[in-house]
Number of protein chains: 2
Amino acid sequence: MTVQDAAAVDVRAAAVAWEELFRAQVAIMRRLQRDPIWDRVSLREYDVLFTLSRAPGGLRLRDLAESSLLSQPSLSRMVERLEEDGWVRRAPAPGDGRGVLVALTDDGAALQREVGRRHVQAIAHYVGGALDAEQLAALTRVAGDLRAAQPGIADLDRGAEGDRGAAAP
Amino acid sequence: MTVQDAAAVDVRAAAVAWEELFRAQVAIMRRLQRDPIWDRVSLREYDVLFTLSRAPGGLRLRDLAESSLLSQPSLSRMVERLEEDGWVRRAPAPGDGRGVLVALTDDGAALQREVGRRHVQAIAHYVGGALDAEQLAALTRVAGDLRAAQPGIADLDRGAEGDRGAAAP
DNA sequence: GTCCGTTCCATGCGTTCGCATCTACCCCCA
DNA sequence: TGGGGGTAGATGCGAACGCATGGAACGGAC
């Protein structure tokens with residue numbers, strides 16, 4: 001086997017792995033979407049509420065955007081809608097006149113818990129029902145490794161071709 | 001450990017695994033989106049072209065919808081746009097006056113190959129660069145199992161609470 | 001042949017998205 | 001202290017989405 005062949009195998013293996021990961025995610029997501037629990041907030045909105053539920057003091061809009069699936073403008077408008085619906089509260093960020101601090105209201109926290117509980121049940125149904133404990137652990141591990149190996153979003157703009165794993169100076 | 005505790009652990013393990021899978025997929029997808037190759041077709045459009053590239057005789061719109069990320073109306077309009085751009089051809093389905101058969105044009109097939117080649121390189125970079133061969137194989141296997149265990153989309157509407165794994169009568 | 005329920009795709013409509021851009025504010029250095 | 005580059009979030013705008021629905025074609029019952 002030549003060096004080129006070996007590289008081609010690696011490329012192919014990565015592409016196949018990604019396609020499986022992608023399709024599995026789509027398949028599960030479609031089923032989760034069918035759940036009738038998304039009448040008050042959409043799944044994407046829930047994802048924001050969930051992230052906020054882990055940050056008791058609230059989060060800067062900018063930090064929220066980083067862990068969100070949305071672009072910054074879309075998130076800005078989604079937070080606006082969530083505030084109108086009473087799930088979220090916006091306040092000026094302490095110490096930074098530009099910033100906005102977003103936090104759950106009591107209603108928002110209650111909604112997140114209620115929806116979250118049912119959502120987890122659905123996940124257990126579709127994911128837990130398909131994989132045993134060992135497979136779940138393997139999936140958790142490898143997906144975690146995959147995500148951990150990605151460069152920070154800030155590093156993306158200045159060259160994705162740089163060395164991965166190179167320690168910061 | 002009680003039976004309830006064991007069940008709770010399972011639910012939690014499934015939820016954690018799903019979250020890792022989901023976040024890894026989002027992280028990778030965001031990076032793939034940054035690739036400058038999406039100026040002629042979007043990633044979602046490419047996904048449709050890719051599916052068509054594996055079906056030499058073309059596909060019914062309904063079959064395309066099943067493997068797509070989009071709703072049927074959205075796919076219908078996307079195919080309309082792809083046809084306007086010359087990547088795809090629509091024809092009446094033989095033997096079914098309601099159906100539409102979608103197939104790649106020569107230009108569409110060429111575009112799919114060209115974009116696909118570059119896309120695979122990006123995947124190799126972000127996925128292959130993060131996981132070794134063994135991890136890639138593990139990911140492929142478990143993601144494949146996860147997807148294979150999902151009920152067909154047609155089965156979804158008549159009760160997701162039914163027994164999993166029950167053989168069809 | 002006719003009827004009736006189902007399937008397939010297209011279309012009207014309101015919502016949400018991303019891109020580009022704008023304003024306000026922060027920070028640093030001369 | 002005042003200017004200039006950089007960052008945080010909001011907004012105008014066109015594109016694309018999903019839901020609900022419409023019209024045509026299929027297929028089995030009678």
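As the structure is a computational prediction, the values presented were derived from the model and not from experiment. By convention in this document, chain letters (A, B, ...) are assigned in the order of the sequence lines, proteins followed by strands, and residues within each chain are numbered from 1.
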- From the candidates C:dG18, C:dA10, D:dG9, the one with an atom nearest any side-chain atom of B:L61 is C:dA10
- Answer with yes or no whether the hydrophobic clustering places A:L136 together with B:L131; edges join I, L, V, M, F, W, Y residues whose side-chain heavy atoms lie under 4.5 Å apart. yes
- Task: Would you mind reporting whether B:M29 and B:L43 have side-chain heavy atoms less than 4.5 Å apart?
- Result: yes
- Task: Choose from C:dC9, C:dA10, D:dC17 the nucleotide whose nearest atom is closest to any side-chain atom of B:M78.
- Result: D:dC17
- Nearest-angstrom distance from the residue atom CD of B:Q33 to C1' of C:dC17: 12 Å
- Within a strict 4.5 Å, meaning less than it, do heavy atoms of the B:R40 and B:E114 side chains meet? yes
- Task: Identify, between A:Q72 and B:Q72, the residue whose nearest nucleotide on DNA chain C lies closer to the 5' end.
- Result: B:Q72
- Note on the structure: In whole angstroms, the gap separating P of C:dT16 from CG of A:L82 amounts to 10 Å
- Item | Below 4.0 Å: OP1/OP2 of D:dA10 and any side-chain N or O of A:S76 | yes
- Using a cut-off of strictly less than 4.0 Å, decide whether B:S74 has a side-chain nitrogen or oxygen near OP1 or OP2 of D:dG18. yes
- Touch class at under 4.0 angstrom, heavy-atom based, for A:R77 against every strand present: base
- Task: Round to the nearest Å and state the distance from B:L70 atom CG to C:dC17 atom C1'.
- Result: 14 Å
- Query: Atom CH2 of B:W38 and atom C1' of C:dG18: how far apart are they, to the nearest Å?
  - Reply: 17 Å
- Separation of D:dT11 atom P from A:R81 atom CZ, nearest Å, is 13 Å
- Note on the structure: Rounded to whole Å, the CG-C1' distance (B:L69 to D:dC17) equals 12 Å
- Task: Using atom CG of B:D47 as one end and atom P of D:dC17 as the other, report the distance to the nearest whole Å.
- Result: 12 Å
- Task: Provide the closest heavy-atom pair for A:Q135 versus A:A130 in the form atom of the first, atom of the second, distance.
- Result: OE1-O, 4.2 Å
- Task: Look at the side-chain heavy atoms of Ile, Leu, Val, Met, Phe, Trp and Tyr, link any pair under 4.5 Å apart, and say whether A:L139 and B:I28 land in one connected group.
- Result: yes
- Message: By the definition salt bridge (Lys or Arg N to Asp or Glu O under 4.0 Å), identify the one residue from A:R77, A:R90, A:R89 that meets it with A:E83.
- Response: A:R90
- Task: Calculate the interatomic distance between B:L43 atom CG and C:dC17 atom P; express it in whole Å.
- Result: 18 Å
- Query: Mind checking whether B:L111 and B:D107 have side chains closer than 4.5 Å, heavy atoms only?
  - Reply: no
- Task: Under 4.0 Å from any atom of DNA chain D, heavy atoms only: list the residues of residues 89-104 of chain B that qualify, in numerical order.
- Result: B:D96, B:G97, B:R98
